[in-house]
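Submitted below is the structure of interest, expressed as structure tokens.
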Amino acid sequence: MTERPFLRTFTTPAALCALGFAAAMAAVLQYSLRAYVPGSLDPGGFTLANFADLLKPLYARVFFDTVVICAVTAVATLIVGYPLAYALVHIEQPILKSTLLVIVVTPLFLGEVVRTYSWIIVLGNNGFINSILLSLGLVEKPLQLMFTSFGVVVALVHVTLPVMVIMLAAGLSHIDRDYARAAESLGAGPIRVFLTVTLPLSMPGVVAGTTTAFAWTFSAFATPQLIGGGRVNMISNLVYQLGFASFNFPFAATLCVAGLALTAVVLGLLQIAARPLQKIKVH
Amino acid sequence: MQAIPTIEQNEAAVRFDAVTKRFDDVVALNAVSLDVQTGEFLTLLGPSGCGKTTLLKLAAGFLGPDAGAISINGRRVNELPTYQRGIGMMFQNYALFPHMSVADNVAYGLKTRRVPKPERQQRVAEVLALVKLTGMERRMPRQLSGGQQQRVALARALVINPTVLLLDEPFSALDKSLRTSMQVELREIQRKLGLTTIFVTHDQSEALSLSDRVAVMSEGRIRQLGSPVDVYRAPTDQFVATFVGDNNKLRGRLLSVGDSDAVIELGSAQIKVPSERLAKLEKSAPVDLFVRPEQFCVVSANEPSAMTGHVVAQIYQGGHVDLQIECPGASRDRLLVRSAGDQAVVRWPMGATVGVSIQPGGCAAFPAE
Ligand SMILES: Nc1ncnc2c1ncn2[C@@H]1O[C@H](COP(=O)(O)OP(=O)(O)O)[C@@H](O)[C@H]1O
Ligand SMILES: [Mg+2]
């Protein structure tokens, strides 16, 4: 190893930050192990009861729903994002390319709440989709899109899409064009080239994008709160209800710790499943 | 397909007919016409940026021409996509599929052709034996050395029995000894299979040693097409004379022009050259005379010679010695003189005053630029 003169200079502030985060996490962990005293903001003595409560069907259900919504969102974002990323990387025409980039990236600057409100306008009973369906006579009464898991997933896909496209595009643009050319010269048509060369070589980007989308969605709050309207609950919404409606800080903290652990487990499993892909050296 | 393919058109394995290719305002190829004969090893030689890769990509179908026609085995392929052309291509960076084993890489072109598995396995084994990689089937590309990766790339291109093999500077990444052995091997395999081959390089010695014919290119045009000996011995213009092999450019004067020969005066010597490109010149017009280093002959200063000068540098090359000689009366630049063996090291030491004469035959002359 050569000497890295800046290492110490940069590690010190990083270590201080890490210390702050660790302290906050320790506080949450500490709260999760304390008893809830109804009517008081101060926690009671140490107990493991909160963690036992997690297994109650009411709460277990929310965990299950959250994982399902996250998984469906991650996969749906991948399916929508892949063609966009592919086009972004392969379009040569500069104007078309920058237009696409702007469309893909702008939502990043809007924030989750603004994007979610726009979906309320689109998904509502008098919203964009229903007005069109009604005026075309395709449906008799408005489709129920708001306050459904479907609506939440649609809005969440929009939230995670920019990041997914950027990660996929990064992966795709690192694939040397000569691989596809070599496949073509060997007699592979466009579809076969995609399925046997481009897609497998883009798997590192796919894993990275899907993992990020999953983790990102896991902590979603505004979108399920506004579009789910209390009928679709994810972990963050439950934390909010317990912490700020019932002031049950200990159990809210327990939910946080459990959510964090679950995310870590799921991401760990994804990494293990994707391990064979690490061996692909694309460059 | 052309309406009436003539017999002549069927002769060339690959034909470029007045092919032009532009990138924005860069003219990469300017009305290039070239016939590659079936079974020949043809090299595109030229400096970087002269359009060699572009010509190869047009043959492969990775690019389309702006004007002109390209045909393979007499069939016009301008509109035919790459995957229907039946070419074999070897890339400069090999482009082995990193997620496939050696055997899967080689079998790829057979799978796209739906060759049944038993035959596929047999052909893969045969071609791996041909490139001396038997036993490497299960390795992944990243587990191979550069030379081995190169052989896999060659095997992958060969296994489909391509109508033409295209190679873009395949050896430029290899060190010298490996490069030489790969060159010999490629040529042996190419001869054995009688494979039409277009080979791209900017290395003139590689071009001369490997090819049946060399097309010397510059700025999007073919400057000369001929056998390595033709290109070396009888360059058709100053660019080719300078680019292919070492050469000395000297300013002489035209003494007389005949039907086949012209005589040029250089210092106190008179040198006979072919008169082709000098016919239009007046007597005593200035000409540029190109003399190869090995055509010079160094003699003692008191012997009769074309010019006199003194040795300013000695470069010992083992089998021969390169001398740099300054002849203020004859040339502004130093002369590069090649002397076979190694006697020159002691006979013509640094600073020695020497005479330089020119052996007759093999010089080229052009109107002065
Ligand atoms: N895709 C491209 N876009 C723009 N210019 C290009 C492109 N490909 C090649 N050129 C230009 O065309 C000329 C010929 O390039 P190339 O065929 O790659 O040369 P060579 O292989 O002989 O080095 C060069 O001037 C190069 O800059
Ligand atoms: Mg090139």
Side-chain angles (χ1 to χ4, degrees), chain A residues 78 82 85-86 89-98 168 170-210 270-283, chain B residues 23-24 53 56-57 59-63 80-101 104-115 139-144 149 152-170:
Chain A
L78 177 66
Y82 202 100
Y86 190 88
V89 171
H90 287 90
I91 285 177
E92 310 242 315
Q93 220 281 320
I95 296 173
L96 216 58
K97 193 173 189 128
S98 35
L168 288 175
L172 281 167
S173 64
H174 278 125
I175 303 174
D176 192 330
R177 295 285 165 91
D178 279 349
Y179 292 132
R181 293 206 182 106
E184 274 177 72
S185 75
L186 293 166
I191 294 172
R192 188 190 280 264
V193 171
F194 178 77
L195 291 178
T196 58
V197 177
T198 314
L199 186 60
L201 291 183
S202 69
M203 283 319 277
V206 168
V207 172
T210 314
L270 269 175
Q271 286 303 317
I272 291 169
R275 189 159 293 162
L277 298 171
Q278 309 296 327
K279 292 195 196 126
I280 299 180
K281 283 274 180 297
V282 179
H283 318 293
Chain B
F23 295 105
D24 301 321
T53 298
L56 215 59
K57 283 183 174 170
F62 301 139
L63 294 172
L80 202 66
T82 302
Y83 64 93
Q84 291 173 356
R85 291 195 186 190
I87 51 151
M89 174 118 187
M90 210 167 124
F91 293 80
Q92 188 168 357
N93 55 4
Y94 317 137
L96 297 179
F97 305 128
H99 57 303
M100 294 183 200
S101 67
D104 287 341
N105 263 283
V106 177
Y108 191 90
L110 299 175
K111 284 185 193 157
T112 65
R113 285 166 172 72
R114 303 210 159 74
V115 174
R139 298 266 190 104
M140 297 303 278
R142 78 199 126 79
Q143 299 170 313
L144 301 177
Q149 290 184 19
V152 178
L154 182 60
R156 187 176 69 174
L158 290 177
V159 77
I160 58 174
N161 297 327
T163 46
V164 52
L165 180 63
L166 307 173
L167 306 110
D168 193 356
E169 312 216 8

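All figures in this text were calculated on a predicted structure; none of them were measured in a lab. Each chain gets a letter, A, B and so on, in the order its sequence line appears, and its residues count up from 1.
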| request: Considering only heavy atoms and a distance below 4.5 Å, find which of G86(B), G109(B), G88(B) pairs most often with chain A. | output: G109(B)
| request: Please flag which part of R85(B) lies under 4.5 Å from any non-hydrogen atom of chain A: side chain, backbone, both or neither. | output: neither
| Between T82(B) (side chain) and G61(B) (backbone), is there a donor-acceptor pair under 3.5 Å? | yes
| request: Hey, could you give me the CG/OG distance between L96(B) and S101(B), rounded to the nearest 0.5 Å? | output: 11.0 Å
| field | Listed partners of E169(B) passing side-chain hydrogen bond (donor to acceptor under 3.5 Å, both in side chains), at least two apart | value | H202(B)
| Considering only heavy atoms, which portion of M90(B) lies under 4.5 Å from any heavy atom of chain A: side chain, backbone, both, or neither? | neither
| Parallel, tilted or perpendicular: ring planes of F97(B) versus Y179(A), cut at 30 and 60 degrees | tilted
| field | Nearest-0.5 Å distance that lies between atom OG1 in T196(A) and atom CE in M100(B) | value | 5.0 Å
| field | Rounded distance (nearest 0.5 Å) linking atom CG of L199(A) with atom CD1 of I175(A) | value | 9.0 Å
| query | How about residues 181-188 of chain A versus chain B: which residues have heavy atoms under 4.5 Å apart? | reply | R181(A), A182(A), A183(A), E184(A), S185(A), L186(A), G187(A), A188(A)
| field | Set of residues satisfying side-chain contact (heavy atoms from CB on, under 4.5 Å) with respect to L270(A), sequence neighbours excluded | value | T211(A), L267(A)
| message | Working note: F23(B) + L63(B), criterion side-chain contact (heavy atoms from CB on, under 4.5 Å); need CA distance, chi angles, decisive distance, verdict. | response | CA-CA 11 Å; F23(B) 295 105; L63(B) 294 172; 3.8 Å; yes
| Between Y86(A) and S202(A), does a side-chain hydrogen bond (donor to acceptor under 3.5 Å, both in side chains) hold up when you go through it step by step? | CA-CA 10 Å; Y86(A) 190 88; S202(A) 69; over 6 Å; no
| Among residues 154-168 of chain B, which ones touch chain A with a heavy-atom distance under 4.5 Å? | R156(B), I160(B)
| Taking the side chain from Q84(B) and the backbone from P81(B), do they hold a donor-acceptor pair closer than 3.5 Å? | no
| query | Between the side chain of K57(B) and the main-chain N/O of F62(B), is any donor-acceptor distance below 3.5 Å? | reply | no
